[in-house]
Amino acid sequence: QTRLVESGGGSVQAGGSLSLSCTAFEYTYSTYCMAWFRQEPGKEREGIASADSDGIINYRDSVKGRFTIDPHNAPKTLRLHMDRLKPDDTATYYCASTPLWSPDNCHKLRPDFKFWGQGIEVTVGG
């Protein structure tokens, strides 16, 4: 059974940087869509960035130019580098992975993923 484990979260002051990593265990499919989502308490989970096995990368508008997804070792690992962090970036961040059954869902960051990590906290102080 595929398992995703996130690491690298923590606390940082506004304007700072953090990197998150996701390690996938026992991923056996030949294609992938991997992504990062985040969720604040009481709000819906939102997609931040995705990368697929066709080499396509997508970002949520609010993080473009600040966040960089690194899929060079996907589907085994996926990194997210976050620069110029804002208090609004405070959330629980989740790694997600699924076979590339729906490229449209992957590119539009819809939360239709087969596998999810447990989540990791990112706190950005004002």
Side-chain angles (χ1 to χ4, degrees):
Q1 179 70 16
T2 298
R3 185 167 59 95
L4 303 178
V5 179
E6 301 101 337
S7 61
S11 298
V12 66
Q13 290 299 306
S17 300
L18 277 176
S19 290
L20 304 180
S21 292
C22 173
T23 301
F25 297 90
E26 299 183 29
Y27 186 87
T28 59
Y29 297 89
S30 60
T31 65
Y32 67 85
C33 172
M34 294 190 78
W36 288 96
F37 285 76
R38 67 186 180 189
Q39 188 171 20
E40 298 175 62
K43 295 187 178 181
E44 291 190 358
R45 193 168 296 188
E46 61 183 25
I48 301 169
S50 67
D52 70 22
S53 44
D54 289 335
I56 297 174
I57 291 175
N58 287 275
Y59 292 98
R60 184 179 192 83
D61 285 347
S62 62
V63 306
K64 285 180 180 177
R66 300 190 299 123
F67 290 12
T68 304
I69 194 169
D70 178 5
H72 83 278
N73 202 30
K76 293 182 179 180
T77 61
L78 183 74
R79 292 177 59 83
L80 180 70
H81 186 68
M82 304 180 289
D83 288 323
R84 305 200 307 276
L85 283 160
K86 305 174 182 179
D88 284 349
D89 295 318
T90 296
T92 301
Y93 284 68
Y94 297 89
C95 177
S97 180
T98 194
L100 194 59
W101 292 326
S102 173
D104 192 58
N105 283 348
C106 182
H107 304 159
K108 294 181 179 178
L109 299 170
R110 297 184 180 127
D112 185 18
F113 284 76
K114 187 175 177 65
F115 308 110
W116 290 88
Q118 293 298 306
I120 194 164
E121 298 294 328
V122 171
T123 303
V124 184

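A continuous path of hydrophobic side-chain contacts links Leu80 to Val124 [ILVMFWY only; heavy atoms under 4.5 Å]. In the hydrophobic clustering of this structure, Phe115 groups with Trp36; members are Ile, Leu, Val, Met, Phe, Trp, Tyr whose side-chain heavy atoms approach within less than 4.5 Å, directly or through other members. No chain of hydrophobic side-chain contacts below 4.5 Å, direct or via other Ile, Leu, Val, Met, Phe, Trp or Tyr residues, connects Leu100 to Tyr27.
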Please table the atom pairs, donor to acceptor, closer than 3.5 Å between any side-chain atom in residues 52-59 and protein atoms at least two apart or in another chain.
| from | atom 1 | to | atom 2 | distance (Å) |
| --- | --- | --- | --- | --- |
| Asp52 | OD1 | Asp54 | N | 2.9 |
| Asp52 | OD1 | Gly55 | N | 3.1 |
| Asp52 | OD1 | Ile56 | N | 3.0 |
| Asp52 | OD2 | His107 | NE2 | 2.7 |
| Ser53 | OG | Tyr32 | N | 3.0 |
| Ser53 | OG | Tyr32 | O | 3.4 |
| Tyr59 | OH | Ile69 | N | 2.9 |

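For Arg38, the side-chain contact (heavy atoms from CB on, under 4.5 Å) partners at least two apart in sequence or on another chain are Glu46, Ile48, Ser62, Val63, Phe67, Asp89, Ala91, Tyr93. Listed by chain and number, the residues in a side-chain contact (heavy atoms from CB on, under 4.5 Å) with Arg3 are Val5, Phe25 (sequence neighbours excluded). Checked against side-chain contact (heavy atoms from CB on, under 4.5 Å), Thr77 has the following partners two or more places apart in sequence or in another chain: Thr23, Asn73. Scored by the salt bridge (charged side-chain N to carboxylate O under 4.0 Å, His left out) test, Asp104 finds Lys108, Arg110 as partners (sequence neighbours excluded). In this structure Ser11 satisfies the side-chain hydrogen bond (donor to acceptor under 3.5 Å, both in side chains) test with no other residue, sequence neighbours excluded. Checked against salt bridge (charged side-chain N to carboxylate O under 4.0 Å, His left out), Lys86 has no partners two or more places apart in sequence or in another chain. Listed by chain and residue number, nothing satisfies the side-chain contact (heavy atoms from CB on, under 4.5 Å) test with Asp88 (two or more places apart in sequence, or in another chain).
Sorted by first then second residue, the side chain to side chain donor-acceptor pair (under 3.5 Å) pairs that include residues 117-126, not counting sequence neighbours, are Thr92-Glu121. Screening residues 76-85 for salt bridge (charged side-chain N to carboxylate O under 4.0 Å, His left out), with sequence neighbours left out, gives no hits. Sorted by first and then second residue, the disulfide bond (SG atoms under 2.5 Å apart) pairs involving residues 60-118 (not counting sequence neighbours) are Cys22-Cys95, Cys33-Cys106.
Between the CG atom of Leu78 and the OG atom of Ser21 there is a distance of 8.5 Å, given to the nearest 0.5 Å.
Other residues sharing a hydrophobic cluster with Phe113 under the 4.5 Å side-chain heavy-atom criterion for ILVMFWY residues are Phe37, Tyr94, Trp116.
With hydrogens and angles ignored, the 3.5 Å screen pairs a side-chain donor or acceptor of Thr2 with a backbone N or O of Glu26.
When only modelled atom types and interatomic distance are considered, His81 and Ser19 share a side-chain donor-acceptor pair under 3.5 Å.
Nearest heavy-atom pair across Ala24 and Pro75 is CB-O, 3.2 Å.
You'll find the side chain of Val122 reaches within 4.5 Å of the side chain of Leu20, heavy atoms only.
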